[in-house]
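These notes concern the structure reproduced below.
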Amino acid sequence: MNATLKVLQERGFLKQCSDLEGLSDLMDRERVTFYVGVDPTGKSIHIGHMVPFFAMHHMQNMGHNPIALLGVGTALIGDPSGKSEMRQMLSLEQIQENSRSLKAQIGRVIDFEADGTGQKGRAVMLNNHDWLGPLNYIDFLRDIGSHFSVNRMLTFESYKQRLERGLSFIEFNYQLLQSFDFLTLYREQGCRLQIGGDDQWGNIVAGIELVRRIEGGECFGLTFNLITRSDGHKMGKSEKGAVFLDPEMFSPYDFYQYWRNVNDDDVVKFMKLFTFLPLEEIEGYNSPRVNVNEAKERLAFEQTKIIHGEEEAEKARDAAKAMFGGVGSGEALESLPAVEIEKSLFDEGINVVELFAMTDLCKTNSDARRLITQGGAMVQDQKISDVKQTIDSSWIEEGELILRAGKKRYFRIIITQ
RNA sequence: GGGGAGGUUCCCGAGUGGUCAAAGGGGGCAGACUGUAAAUCUGUUGGCUCAGCCUUCGAAGGUUCAAAUCCUUCUCUCCCCA
């Protein structure tokens, strides 16, 4: 098998390939241009969306040329694959704004600077609105639509399910548009391969067939395992919602903690998929002699480094160590979420319930009251169980207060004049 | 256009005049157990000046001592027929 494919296989990416042997031969012979699509339906992608990009990273490093295709055009429609509900329609402006932030995020693992003269392949980002936008309906129906059989499409699992719940006509067209993307990239960029999550299998195959019918060209499809957690929870979902890459939406500290707390059974799997550590090194963590917690720390650090940079990763790691190791030192505390409160508020003391409600630890007073009643609230490492407790300036140390909700959530209050 | 079924608290989903802030499950939060894991068990899960009060059951009106439950209009969704 081709060396690049072997890497992907060993790291646990591969699920299906339209023609593994053929693709392997092609990749042995030449630098292959390949693409993956991403829908700019939100301001930030979350970690579950990153799998194909990590795969893409390895492929680029081994000399193949990635195209990250922003589905600005298709996002206006919505892909029915794997979705149980109709998607919300977004405005073009919203989508284009989303696209800008996505490119930066994808840039964390794909090198868009590489020009393809070195070992690395050349990477570009394209936008399918460029060719879907100007499409003429009649021409499209005649040239592309004629190649699709409704009977055939209805046999696809993704559509079958949607028939139960309802499927609008424009959503039904998604497959045609995605196939047209592939055709366009084949013609204009010499793209031979489309990769994606396994939920994209049907659409990818449709694209390959379209290229063969119209251009007689041979293209390939490769899908990756949809990542699941061993506890059955959805990958990329945390207590705080989806694990977004945007630090504004999901702080680097929480990001680190998400990986730090993955299931034992998932650590090695995730290291292979979501870090660039060499496989031999990862295997080292597979041994029962190694403490899983060391492995988790490594996973969390590496992953945070890739997405948020080394500095943030170190800060998150130090903060976590300080918090869970016992006493927190001043420096490490800096990456904890914090709020500034005026000193005067503490002159007469403030009720704990209100204090907690001012932080992100509790949404409302009731929420804070519950936390305290149930014994989960702490101020400066002292358990507070009385909702009437007052916190005054005598609690303040070194100009701050550390609040804690439960075992894992901390919040820093900085006292200002 | 005709006929039918529906819109319930974060989600799914009970509830068909007072005993409903609304069953049950999921999810979340907290506690116990631990390893900052999982599983398990327990508690909790609208808001507030919290033994009391206030706002919720698609929207607006109405009937009633009393409505998520009845009536009217509007609105949205789904299904069947054309």
Side-chain angles (χ1 to χ4, degrees), chain A residues 83-89 161-169 171 228-243 250-271 285-286 288-301 303-304 316-328 332-333 335-337 350-379 381 383-390 402-411:
Chain A
K83 299 287 185 316
S84 53
E85 309 242 329
M86 279 233 280
R87 216 184 249 185
Q88 221 189 332
M89 294 264 234
Q161 287 168 10
R162 287 302 303 273
L163 285 177
E164 304 287 318
R165 312 233 354 142
L167 176 65
S168 79
F169 183 69
E171 284 184 282
T228 53
R229 292 180 8 176
S230 54
D231 58 10
H233 281 101
K234 261 206 183 135
M235 181 66 199
K237 297 283 181 189
S238 80
E239 345 33 275
K240 294 187 170 65
V243 181
F250 202 81
S251 79
Y253 175 78
D254 287 331
F255 188 85
Y256 178 93
Q257 284 296 307
Y258 177 79
W259 294 100
R260 176 62 186 78
N261 284 313
V262 297
N263 238 294
D264 287 6
D265 301 336
D266 292 331
V267 187
V268 168
K269 181 169 94 182
F270 286 175
M271 272 185 166
Y285 285 106
N286 215 357
R289 283 199 307 274
V290 177
N291 187 333
V292 263
N293 286 312
E294 277 175 40
K296 287 183 190 180
E297 274 173 32
R298 188 67 194 276
L299 169 67
F301 182 76
Q303 173 62 197
T304 309
R317 187 236 280 132
D318 292 348
K321 278 200 169 153
M323 288 338 299
F324 291 101
V327 233
L333 296 176
S335 51
L336 289 181
I350 182 169
N351 177 266
V352 252
V353 173
E354 288 175 45
L355 187 64
F356 269 86
M358 278 184 223
T359 71
D360 292 345
L361 296 175
C362 298
K363 285 193 278 295
T364 62
N365 285 6
S366 301
D367 199 12
R369 193 168 321 208
R370 264 193 298 277
L371 180 74
I372 293 162
T373 311
Q374 297 191 117
M378 270 178 259
V379 177
D381 267 339
K383 188 163 164 182
I384 309 289
S385 45
D386 180 6
V387 292
K388 298 238 160 63
Q389 178 73 248
T390 298
I402 302 297
L403 305 196
R404 186 172 162 189
K407 279 176 284 194
K408 297 181 198 167
R409 295 152 61 222
Y410 291 86
F411 205 89

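Keep in mind it's a predicted model, so treat the numbers as computed, not measured.
Taking atom P on both B:G2 and B:G46, the two are 43 Å apart, rounded to the nearest angstrom. Using C1' as the reference atom, B:G15 and B:A22 are 8 Å apart when rounded to the nearest Å. Across B:C70 and B:G17, the matching C1' atoms stand 8 Å from one another, rounded to whole Å.
A:V292 comes within contact range of at least one nucleobase, with a heavy-atom separation under 4.0 Å. As judged by a 4.0 angstrom heavy-atom cut-off over every strand, A:A377 is placed among residues making no nucleic acid contact. Within the 4.0 angstrom heavy-atom criterion, only backbone atoms of the sugar-phosphate kind lie near A:R370; the bases stay farther away.
Side-chain contact check for A:N261 versus A:K408: some heavy-atom pair is nearer than 4.5 Å. Within the 4.5 Å cutoff, no side-chain heavy atoms of A:K388 are placed close to those of A:V353.
Within the 3.5 Å criterion, the main-chain N or O of A:V267 finds no donor-acceptor partner in the side chain of A:K296.
In this entry B:U72 has B:A60 as its Watson-Crick or G-U wobble partner, both defining distances falling under 3.5 Å. With both pairing distances under 3.5 Å, B:A66 is matched to nothing as a Watson-Crick or G-U wobble pair. Across all strands shown, B:A22 forms no Watson-Crick or G-U wobble pair with both distances under 3.5 Å. Nucleotide B:C29 forms a pair with B:G43, judged by Watson-Crick or G-U wobble geometry with both contacts under 3.5 Å.
At B:G35, none of the side-chain N or O atoms of A:N261 fall inside 4.0 Å of OP1 or OP2 (strictly under the cut-off). One finds no side-chain N or O of A:K408 lying less than 4.0 angstrom from the OP1 or OP2 phosphate oxygen of B:G31.
In the set B:U36, B:U34, B:C29, the nucleotide with an atom closest to the side chain of A:K407 is B:U34. For A:T364, taking side-chain heavy atoms from C-beta onward, the closest of the listed nucleotides B:U36, B:G47, B:U34 is B:G47.
Looking at A:D264, its side chain comes within 3.5 Å of the base of B:G35 through a donor and an acceptor atom. The base of B:G43 is paired with the side chain of A:Q374 by a donor and an acceptor separated by under 3.5 Å.
From A:E297, atom CD reaches atom CG of A:N291 across 8.5 Å, with rounding to the nearest 0.5 Å.
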